[in-house]
Amino acid sequence: FCGRLRLREVGPTFVKLRETLDKIRRDEIERNRKDLGEMTEAQQKAVDHITQAMINKILHHPISQLKDMAHDTKAPEYIDLVRKIFNVKE
């Protein structure tokens, strides 16, 4: 039971982590838009797809590890560490 409760506690961290990295992704695309020049809608979609895929690949292992560690008694410490490393605001 406690393991499931801890797993529910890490869920909001996953959401905030993804939101934080997605904001960085969108901000960087916008910041570099002038260097990209005129893009067709298909090119814009491709850039969006590629950068989203990168975020997904970057997050896959940390999120999997956090899920596994959610059952550990030190789970709150691990969650706090991830929040600090990725500058995730509550």
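No experiment lies behind these values; they were computed from the predicted model shown.
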Next on the checklist: If I compare all heavy atoms of Q43 with all of T40, which pair ends up nearest, and what's the gap?
Outcome noted: OE1-N, 2.7 Å
Next on the checklist: What I want to find out is whether R31 reaches D27 closely enough, with some N-O distance under 4.0 Å, to be called a salt bridge.
Outcome noted: no
Item to check | Nearest-0.5 Å distance that lies between atom CD in E28 and atom CZ in R33 | outcome: 12.0 Å
Checklist entry - Hey, is CE on M39 packed in by over 12 heavy atoms from elsewhere, all under 6.0 Å? => result yes
Checklist outcome for this item: Nearest heavy-atom approach of A70 to A75 is O-CB, 3.6 Å
Next on the checklist: Which heavy atom of F86 sits nearest to which heavy atom of T20, and what is that distance?
Outcome noted: O-CG2, 3.8 Å
Checklist entry - Mind checking whether Y78 and Q65 have side chains closer than 4.5 Å, heavy atoms only? => result no
Next on the checklist: Before you tell me yes or no, could you show the steps for N32 and K34 under side chain to side chain donor-acceptor pair (under 3.5 Å), namely the whole-Å CA-CA distance, both residues' side-chain angles and the distance that decides it to 0.1 Å?
Outcome noted: CA-CA 6 Å; N32 289 285; K34 66 177 188 263; over 6 Å; no
Item to check | Inter-residue atom distance K16.NZ - K89.NZ, 0.5 Å rounding | outcome: 10.5 Å
Item to check | Nearest-0.5 Å distance that lies between atom CD in Q44 and atom NE2 in H49 | outcome: 15.5 Å
Item to check | Residues K45, D48: salt bridge by 4.0 Å N-O rule | outcome: no
Next on the checklist: Testing N87, V88, V82, L81 one by one against I85 for a side-chain contact (heavy atoms from CB on, under 4.5 Å), which residue passes?
Outcome noted: L81
Checklist outcome for this item: CG of L21 to CD1 of I58, rounded to nearest 0.5 Å, is 7.0 Å
Next on the checklist: Once rounded to the nearest 0.5 Å, what's the spacing between atom CG of L17 and atom CD1 of I63?
Outcome noted: 5.5 Å
Checklist entry - Linking I/L/V/M/F/W/Y whenever any side-chain heavy atoms sit under 4.5 Å apart, do V47 and I55 land together? => result no
Item to check | Atom pair OG1/CD1 of T51 and I29 - distance to nearest 0.5 Å | outcome: 3.5 Å
